[in-house]
Amino acid sequence: MTTHTVSPTVDTAQELAAFLRTRRERLDPRDFGLPSRRQARRTPGLRREEVAELAGVSVDYVVRLEQARGLRPSAEVLEALARALRLGSDERAYLFDLARQRARHIDDPATTAAPPLARLVADLSPMPAMVMNHRTDILAWNDGMARLLLDFDTLPPERRNAMWLCLMHPRTRDLYVDRDRVLREGVAHLRAAWAAHPDDRVLAGLIAQFTSHVDGFAHWWAEQDVKGNGRGSKEIRHPDVGPVSVHYEVLTPTQDADQRLMICRPADERSEAAFGRLGAR
């Protein structure tokens, strides 16, 4: 079995190289009007010279980027590469983070919820809501969220982490119907946070713990997927009220950039009835 390790901090040159390679290899030449010539292509995806031509840079420049040879591409070059590789918005942000072309996160990670946010979470009850930081540490929650997921008061503070609960807690790790999708999205969020907070040793330690102890995590991490989980849906097997479909929205306050407010609401009439039964408990 191959062992993947996570360094204490981000080696941005190596990560940028790996990210560019994986994105290039995922592209289909036919989508660019290029012949597939499968027998002539030793690796999947586009060739380096094809990416170079699409981005308007030299082949040698692309080679050196993919070999992590110390280049610091400009914002203009990054934009060209993002277009050539057809990156989505989250992938583009991740690329710029790795290249240090966006404003860095210089504040210490949030460890407590801002008081106005904590009050808002309480006011939203019985609608489930909670506040997390970029590590997915759970900083504040209301009764609605405790009924939907877990009474976080029963956990020590270091275990109040949404990804840890999803991956390792005996109750919540089997809560989601489509667990693989939920975990893949969570890993993609952690990778984006890891690039945006390269000096966060607590986050790096959390990722290392998951890599060592959670089956499949190392494989998902190596896929280099990046995704900001701003909204979506989840199917839950609730032990008390049965199946529940949830829509969620994640909001970032402008004055507390490291805090995320997650609000959940029922996705259909059946789930609305289940929310009602939870609220009556």
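From a predicted model like this one, the values you see are computed outputs, not experimental measurements.
Taking the six-membered ring where tryptophan is involved, the planes of His197 and His134 are essentially parallel, since the angle between them stays under 30° and well short of 60°.
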Evaluate the side chain to side chain contact (heavy atoms under 4.5 Å, CB included) criterion for residues Ile138 and Val131: first the C-alpha distance (whole Å), next the side-chain angles of each, then the deciding distance (0.1 Å), finally the verdict. CA-CA 6 Å; Ile138 301 166; Val131 176; over 6 Å; no
List the steps, then state whether side chain to side chain contact (heavy atoms under 4.5 Å, CB included) holds for Leu27 with Asp31. CA-CA 8 Å; Leu27 296 173; Asp31 292 338; over 6 Å; no
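The distance from atom CZ of Arg26 to atom CZ of Arg86, rounded to the nearest 0.5 Å, is 15.5 Å. Rounding to the nearest 0.5 Å gives a distance of 9.5 Å between CZ of Arg159 and CG of Leu165. The CD atom of Glu76 lies 8.5 Å from the CG atom of Leu78; values are rounded to the nearest 0.5 Å. Between the NE2 atom of His247 and the SG atom of Cys264 there is a distance of 11.0 Å, given to the nearest 0.5 Å. For the atom pair OG1 (Thr252) and CG (Asp258), the distance works out to 9.5 Å, reported to the nearest 0.5 Å. Expressed to the nearest 0.5 Å, how far CG of Leu16 lies from CG of Leu20 amounts to 4.5 Å.
Between Phe275 and Arg147, the closest side-chain pair of non-hydrogen atoms is not below 4.5 Å. Looking at Arg48 and Arg24, their side chains come closer than 4.5 Å, going by heavy atoms from C-beta outward. Counting heavy atoms from C-beta on, the side chains of Phe217 and Leu183 never come closer than 4.5 Å. Between Glu15 and Gln224, the closest side-chain pair of non-hydrogen atoms falls below 4.5 Å. The closest side-chain heavy-atom distance from Glu235 to Tyr176 is not below 4.5 Å. Residues Leu65 and Pro73 meet the side-chain proximity criterion, which asks for heavy atoms closer than 4.5 Å. Between Tyr61 and Leu71 the shortest side-chain heavy-atom distance falls below 4.5 Å. The shortest distance between side-chain heavy atoms of Arg231 and Val250 does not fall below 4.5 Å.
In this structure, Arg21 does not pair ionically with Glu66, as no charged nitrogen and carboxylate oxygen lie closer than 4.0 Å. A salt bridge links Glu185 and Arg181; the closest N-O separation between the charged side-chain nitrogens and carboxylate oxygens is under 4.0 Å. Asp180 has no carboxylate O lying under 4.0 Å from a charged side-chain N of Arg184, or vice versa, which leaves the two without a salt bridge. Between Arg260 and Asp137 no salt bridge is recorded (no basic side-chain N to carboxylate O distance below 4.0 Å).
Under the 3.5 Å distance criterion, with hydrogens and angles disregarded, no donor-acceptor pair is assigned to the side chains of Asp151 and Thr154. A side-chain donor from one of Thr136 and Asn161 sits under 3.5 Å from a side-chain acceptor of the other.
Tracing side-chain contacts under 4.5 Å through hydrophobic residues (I, L, V, M, F, W, Y), one never reaches Leu206 starting from Leu139; they form parts of separate clusters.
Judged by distance alone, with hydrogens and angles left aside, the side-chain atoms of Arg173 form no donor-acceptor pair with the main-chain N or O of Cys166 at under 3.5 Å. A donor-acceptor pair is defined here as one N or O able to donate and one able to accept, closer than 3.5 Å; no such pair exists between the side chain of Asp143 and the backbone of Pro126. In this structure a side-chain-to-backbone donor-acceptor pair under 3.5 Å is missing from Glu53 to Glu50. Distance alone, capped at 3.5 Å, places no donor-acceptor pair between the Ser271 side chain and the Val244 backbone.
When all heavy atoms of Ala129 and Val121 are compared, the pair lying nearest together is O-CG1, 3.6 Å. Annotation for Asp200 and Arg135: closest pair OD2-NE, 2.8 Å, computed over non-hydrogen atoms. Considering every non-hydrogen atom in both Pro253 and Gln259, the closest pair reads CD-O, 3.1 Å.
In this structure, Arg191 fails the cation-pi test against Phe19, since its NZ or CZ atom is not both closer than 6.0 Å to the six-membered ring centre and inside 45 degrees of the ring normal. In this structure, Arg92 is positioned above the aromatic face of Phe96, its NZ or CZ under 6.0 Å from the six-membered ring centre and within 45° of the axis.
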